[in-house]
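Encoded as structure tokens, the structure appears first; notes follow it.
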Amino acid sequence: MPALDAFDSYLFSLSRAFCSPLGVFVQIQGCLICLTLALGWAFAAYVRNREIKQMKDSMRCGNSFAFLYHDINKLEHTNQENLPRVSVVMPLKGFGEHNLHNWRSQITSLYGGPVEFLFVLESTEDPAYRVVSSLISDFKDEVDAKVVVAGLSTTCSQKVHNQLVGVEKMHKDSKYVLFLDDDVRLHPGSIGALSAEMEKNPDIFIQTGYPLDLPSGSLGSYCIYEYHMPCSMGFATGGKTFFLWGGCMMMHADDFRLDRYGVVSGLRDGGYSDDMTLAAIAGAHKRLITSPPVAVFPHPLSSELSFSRYWNYLRKQTFVLESYTTNVNWIMNRALFTSHCYLSWGFVAPYIMSMIHITAALRIYIKGYSLEETSFTSGGLLLVGYLAICTLVELLSMWNLTRIEVHLCNMLSPEAPKLSLASYNWVLVFIAMLVDNFLYPVSAMRSHLSQSINWSGIRYHLKNGKISKIERSKEMGPEKSYLGGKKLLYGRKGAPPKVSLLSSLARSMAQWHQPKKFDS
């Protein structure tokens, strides 16, 4: 039998150490993390699938508009004319390749009640200004939409500033305000579904939803998809949740008019993150946040989403944990920071250990070492087998949830180009799981130490959890949004929208509330 060389001796000592009680604990912990994620995604899939079954049951009963209402009687004119007024506020920054399609989906909603759309920009120099102005001009006789120039923020982030200016400009009779990001593609019935839940339960403080990422093929896009997936289970509860996504938030308009619970002052006075600030306010005042099962929105990722842009996005996500409104909120953020970092590296470590076990086993096979010298390998390979099974279960659960959400989105937008799982590369999904979980603690620690972040050409500095200083470069910042992409939805860039039944319905509903525009 050949003698052990220095490399093999070191490799085998590592593999033997990983078979110690501590090493076994770390690897079993990784298996448990995989299974916990799989279980969470399975429950989320159940909630989404339940909605699909309800829609199919309604369609079998003759309701061709189940994507709008399960009860077709709610489409009667007498019911539609009593719907509450909604103001949709969309803070914009730059123009990405998918934005125009998303904006079009937002303003062509089939909501039957009075609704206005406020596109809020920093200035007319923003690349989005000319594009959105042209879009509004195309629909000037069909929708109530306008551009609002907010100016520069001085005490909060530019996005929060744009939102607050939008609220100031909303219609005086609006009952609800819906905040949407420019990377949200609405379904025709989204506004109606959100407002119906608010009407059903007036105790709801905020209604929210979550994106379904459509990776463009780059590793960076898959890392973002993987980053969002664990959070998605918190939004697929079918009701009460503690999570909040700033890309879609419907609230009572009077909460802003009267500054209830300090929503306006909390955002205006040093607010960096809209969703983290409002979630903290909801927690402090024991207010209800809900997420209906239909609130899942296709989110195509940019075809130019490089790894560096993913890293910048991750930095912005981890930086929000540095902002807080109260001491309790600070404690919660520190707990989230610690647990997320621990679980992220706790997820990655077993795979590194498994690589060592597999490499050691291969060296034993190639070199023909004796069993006495390598008796530890069987235990190591057994742990590798457990981890492989748990990983497969996790990926299958993730695939199943994605499949169901794709199906749900296709049903909720029946005339939109069909989404498909065919473009998903599950090898890249697995690699992205390792990359994203390895980098999260690195990004979180950097955010904690720097206490500053560059967001679209603006650098924000935090002090005591609030923005204390804003620095602007001479340039406007990137013209394209970080994550935006349209290619996956259109199939080819620039594909023209179809004139469809839904467009006719949208025009008809607009006539109910703005008849003078259509007299001619």
Side-chain angles (χ1 to χ4, degrees), residues 87-104 106-107 116-137 144-171 177-184 245-249 256 263-278 302 309 312-313 315-317 319-320 323 452-462 466-484:
S87 291
V88 183
V89 176
M90 293 159 283
L92 307 183
K93 177 70 173 179
F95 176 64
E97 61 182 282
H98 74 291
N99 289 143
L100 182 59
H101 180 60
N102 290 337
W103 298 336
R104 193 185 303 274
Q106 291 166 359
I107 66 173
E116 65 173 344
F117 300 90
L118 305 174
F119 294 89
V120 190
L121 305 100
E122 175 184 303
S123 73
T124 56
E125 299 299 316
D126 192 294
Y129 178 79
R130 187 167 56 181
V131 180
V132 77
S133 297
S134 176
L135 176 66
I136 292 174
S137 177
D144 180 6
K146 60 184 176 182
V147 177
V148 176
V149 178
L152 300 179
S153 63
T154 57
T155 62
C156 57
S157 70
Q158 188 64 46
K159 178 186 177 182
V160 168
H161 176 69
N162 288 6
Q163 289 172 321
L164 293 178
V165 171
V167 166
E168 290 175 359
K169 302 295 183 180
M170 69 181 174
H171 195 282
V177 57
L178 174 61
F179 298 105
L180 294 176
D181 279 356
D182 62 1
D183 54 2
V184 172
W245 178 50
C248 174
M249 302 185 298
F256 286 88
V263 292
V264 173
S265 54
L267 290 167
R268 181 192 59 215
D269 301 334
Y272 167 75
S273 169
D274 53 342
D275 47 16
M276 291 292 284
T277 301
L278 291 173
S302 173
R309 286 169 69 182
N312 188 282
Y313 175 77
R315 284 274 289 114
K316 289 195 297 179
Q317 295 304 301
F319 189 72
V320 300
S323 63
S452 68
I453 188 72
N454 187 311
W455 186 358
S456 299
I458 306 173
R459 179 163 292 278
Y460 299 101
H461 298 264
L462 295 185
K466 295 185 179 295
I467 291 177
S468 61
K469 183 179 180 182
I470 301 175
E471 296 177 339
R472 287 181 168 82
S473 59
K474 293 182 179 179
E475 297 80 12
M476 283 286 292
E479 290 195 357
K480 291 189 176 182
S481 59
Y482 283 105
L483 307 184

Between [X] (side chain) and [Y] (backbone), is there a donor-acceptor pair under 3.5 Å?
X	Y	answer
Asp144	Glu116	no
Ser452	His461	no
Gln106	Asp181	yes
Ser134	Arg130	no

Practice problem: Apply side chain to side chain contact (heavy atoms under 4.5 Å, CB included) to the pair Val131 and Asn99, showing each step before the final yes or no. | Solution: CA-CA 10 Å; Val131 180; Asn99 289 143; over 6 Å; no
Quiz prompt | Working for side chain to side chain contact (heavy atoms under 4.5 Å, CB included), residues Val167 and Phe179 | solution = CA-CA 9 Å; Val167 166; Phe179 298 105; 3.5 Å; yes
List the atom of [X], the atom of [Y], and the distance in Å for their closest heavy-atom pair.
X	Y	result
Glu122	Val149	O-CG1, 3.7 Å
Leu121	Val132	CD1-CG1, 4.5 Å
Cys156	Val160	SG-CG1, 3.9 Å

Quiz item: With sequence neighbours left out, what residues match Phe117 under ring pair (Phe, Tyr, Trp, His ring centres under 6.0 Å)?
Solution: none
Quiz item: When you check the gap from the basic side-chain N to the acidic O, do Asp274 and Lys159 get nearer than 4.0 Å?
Solution: yes
Practice problem: Measure up the Trp103 and Phe119 rings against each other and bin them: parallel (under 30°), tilted (30 to 60°), perpendicular (over 60°). | Solution: perpendicular
Exercise. Would you indicate whether the side-chain heavy atoms of Lys316 and Tyr272 approach each other to under 4.5 Å?
Key: yes
Quiz item: Does Arg459 CZ have over 12 foreign heavy atoms under 6.0 Å away?
Solution: yes
Quiz item: Got a sec: does the NZ of Lys466 have more than 12 other heavy atoms crowding it under 6.0 Å?
Solution: yes
